[in-house]
Amino acid sequence: LLLKVMEELTGAQLIAESLKTQKVEYMFGIVGVPVIEVAMAAQAAGIKYVGMRNEQAACYAASAIGYLTGRPGACLVVSGPGLIHALGGMANANMNCWPVIVIGGSSDQNQETAGAFRRFPQVEACRLYSKFSARPSSLEVIPSVVEKAVRTSMYGRPGACYVDIAGDMVNAKVDRSKIRVVSCCPDPPVSLANHGAVADAISVLKMAERPLVIIGKGAAYSRAETALREFVELSGLPFLPTPMGKGVLPDDHPNCVAAARSRALLQADVILLLGARLNWILHFGLPPRFDPNVKIIQVDLCAEEIGNNVRPAVALLGDINAVMAQLLQGIRNDGWKYGSETAWWSSLRNKMAANAKISKSLALQSAVPLNYYTVFHHVSQLLPHDCIIVSEGANTMDIGRTMLYNYLPRHRLDAGTFGTMGVGLGFAIAAATLEKNKGDKGRRIVCVEGDSAFGFSGMEVETMCRYNLPVVIIVVNNNGIYSGVDPETWKEMAKMGNLTLIAPPVTLLPEARYDEVMAAFGGKGYLVRTVEELRRALELSLTDWQRPSLLNVLIDPSSDRKQQGFFIKKKEI
Ligand code: ADP
Ligand code: MG
């Protein structure tokens, strides 16, 4: 009788149940010894498990779940090389301030000696790439270690956390009565900025002649879109999104000055910085790209971030969404609004009109091979407004960012703070998995990839085909990294001698058939050379909800080089 009341749990079950209790709903990974049982237990606990082809991509996917939902996804990996491959994803998540939980199997507790199979100091290895890294010392403490990891990944500045599971713990058993129940940790507590600092910020804004709001991915993560829209519309201030701040307010909003980015950054005298670091993406907030006397009002929840590179005129330490409400109240009280007919606004508008003209003339060319601008022009015309755009590559990401509009928050995922290439397919799989689990058709996930960027995680097209994720991948193929050569030149080179000595290191195989990679697994592949083929293939892909598609868009391998004059011109402020 006593035996019946006792319920035995395995380590695998404990991990799975603990994750589920902490509302971790998705797991991406690659199984092997010793974590197969963990993946199975996760499914039994109701966690959706997506088997990937490389741990790096699995970790990218899990971290995108964290950014998109505010609750971390889990990444499950085997010991040694499995965990090492996941480090790239952890580093990327940590740099982006996205929550993610990595669960790594490791060698048995009694095999800490040298030479054990796939033995590696995993907890130590993860420390550089995470906020928290630990190995539960017994089955009994697994629920509290998992809770601590999930909580730490979300609270304060979000980031990666690692939990190491000894191989022999996976199948070891413990009686449920011995386990202390650890309940779900609540969403992060929200903090307001200091009242006096809010008043200072308002008066600095009011005195500004050339004010600018910068919207970063912290604003996207904090779900500040509603308060922010009201603030921008009430205050009449121009705003500029960072790459992943795009869509918090729509790119076609009348106050968006993205098309005059360089001038806006250089000439602003007061900048309200919302959830964006003054790192390389924002040219460090320093001359020559910024006015040396610019007054920054810095809003961030991470105190250590305040003052990096530029000492702010006002520091608003708090949650952006909450701080926006404070700022709104401040300007509502006296009905202040920045004029729409100021010299600053007309300078920005003139610049935007001039820049639009240049890219339009390039976009309307239709000569074959196509150029970047023409491709993005037609793609942007056909994409649904609510699609999630994933983008990576060099020119593909840079030019695509200016031409592919975002209309909704958290609808753009790209190489991010770390500039990581290879993130795209993992991100797309995460987004598509979320959409699929909503039941209806959901939003379109469109992956706009450079050919080099695609290669890093290209085998994940098999994952997309396996789970019938209707992702649309557009490979903008210029035969190389930055740029490649055309097929004839390549043939000449091959005839001339040893390719490993003479082929430019940036080259990839000209006109490689990435579309056939997709077709190999049952997805739909299209080879595209002309505007008509591009439009037709994209239209067909966007109506297919059964399987993924890949458009292999062959463009002029010297497309970017030809336009260098344009880039120089564009840089003239
Ligand atoms: P971007 O790449 O868009 O420039 P960054 O990743 O550099 O953005 O900066 C995002 C900033 O937002 C980080 O400094 C992070 O601490 C901050 N942040 C994240 N979530 C919040 C939040 N809820 N409230 C305030 N700041 C946040
Ligand atoms: Mg390329």
Side-chain angles (χ1 to χ4, degrees), residues 66-67 70 92-99 131 154-159 187-193 214-224 227-228 240-248 273-285 298-309 315-324 372 392-399 401 409-410 412-419 421 448-456 475-485 506-512 514 552-560:
Y67 177 62
N92 187 69
N94 228 30
M95 292 286 174
N96 275 349
C97 315
W98 291 359
K131 298 176 71 182
M154 301 188 299
Y155 282 30
R157 171 182 270 175
D187 287 340
V190 171
S191 62
L192 292 174
I214 296 181
I215 302 175
K217 65 176 172 298
Y221 185 77
S222 79
R223 295 174 154 64
L228 193 48
L240 183 73
T242 65
M244 277 196 262
K246 270 162 64 74
V248 174
L273 184 68
L274 303 171
R277 283 166 283 185
L278 292 175
N279 56 15
W280 64 277
I281 292 183
L282 285 172
H283 319 288
F284 312 103
Q298 189 173 8
V299 186
D300 206 296
L301 51 50
C302 175
E304 289 89 338
E305 186 57 39
I306 307 277
N308 275 343
N309 292 322
L316 299 177
L317 182 66
D319 175 74
I320 294 170
N321 192 30
V323 174
M324 284 327 294
Y372 282 107
E392 58 178 335
N395 289 319
T396 299
M397 185 168 68
D398 290 343
I399 303 171
R401 183 177 60 242
R410 298 171 297 283
R412 177 183 168 90
L413 299 162
D414 66 23
T417 307
F418 212 21
M421 297 301 150
V448 186
E449 304 264 321
D451 54 329
S452 160
F454 174 76
F456 287 86
V475 177
V476 185
N477 187 352
N478 69 348
N479 306 341
I481 305 168
Y482 306 120
S483 62
V485 300
V506 293
T507 51
L508 296 169
L509 186 70
E511 305 196 344
Y514 300 110
N552 184 11
V553 185
L554 304 181
I555 65 162
D556 185 348
S558 59
S559 172
D560 58 312

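Sequential numbering from 1 along the given sequence is applied to the chain's residues. Both ligands and their constituent atoms are indexed starting at 1 by order of listing.
On a distance-only criterion, Leu301 and ligand 1 share at least one N/O pair closer than 3.5 Å. Among the atoms of Tyr221, none of the N or O lies under 3.5 angstrom from an N or O of ligand 1. Where the criterion is an N or O separation shorter than 3.5 Å, residue side chain and backbone included, Ile320 meets it with respect to ligand 1. When only interatomic distances are considered, the shortest N/O to N/O separation between Ser222 and ligand 1 does not fall below 3.5 Å. Backbone and side-chain nitrogen or oxygen atoms of Asn96 are examined, and none is located within less than 3.5 angstrom of a nitrogen or oxygen of ligand 1.
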Would Asn96 and Thr417 satisfy side-chain hydrogen bond (donor to acceptor under 3.5 Å, both in side chains), going step by step from the backbone distance to the final call?
CA-CA 6 Å; Asn96 275 349; Thr417 307; 3.2 Å; yes
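Under 3.5 Å, the side chains of Tyr372 and Asn478 contain a donor-acceptor pair of N or O atoms.
Nearest to the Mg ion (ligand 2), among the N, O or S atoms that Asp451 has, is OD1.
Taking 4.0 Å as the cut-off, Arg157 counts as a neighbour of ligand 1 on heavy-atom distance. The closest approach between any non-hydrogen atom of Gly416 and ligand 1 is not below 4.0 Å.
The backbone N or O of Gly307 lies less than 3.5 Å from a partner atom in the side chain of Gln298, making a donor-acceptor pair.
Nearest-residue assignment for atom 8 (O) of ligand 1 (options Gln298, Lys217, Glu305; heavy-atom criterion): Lys217.
For Gly450, every N, O or S atom stays at 2.8 Å or more from the Mg ion (ligand 2). Among the atoms of Asn477, none of the N, O or S atoms falls under 2.8 Å from the Mg ion (ligand 2).
Residues Arg157 and Glu305 are paired through a salt bridge, judged by an N-O separation under 4.0 Å between the basic side chain and the carboxylate.
Nearest protein heavy-atom neighbour of atom 23 (N) of ligand 1: Asp319 OD1, 2.7 Å.
Classified by interplanar angle (parallel below 30°, tilted 30° to 60°, perpendicular above 60°), the ring pair Tyr514/Phe454 is perpendicular.
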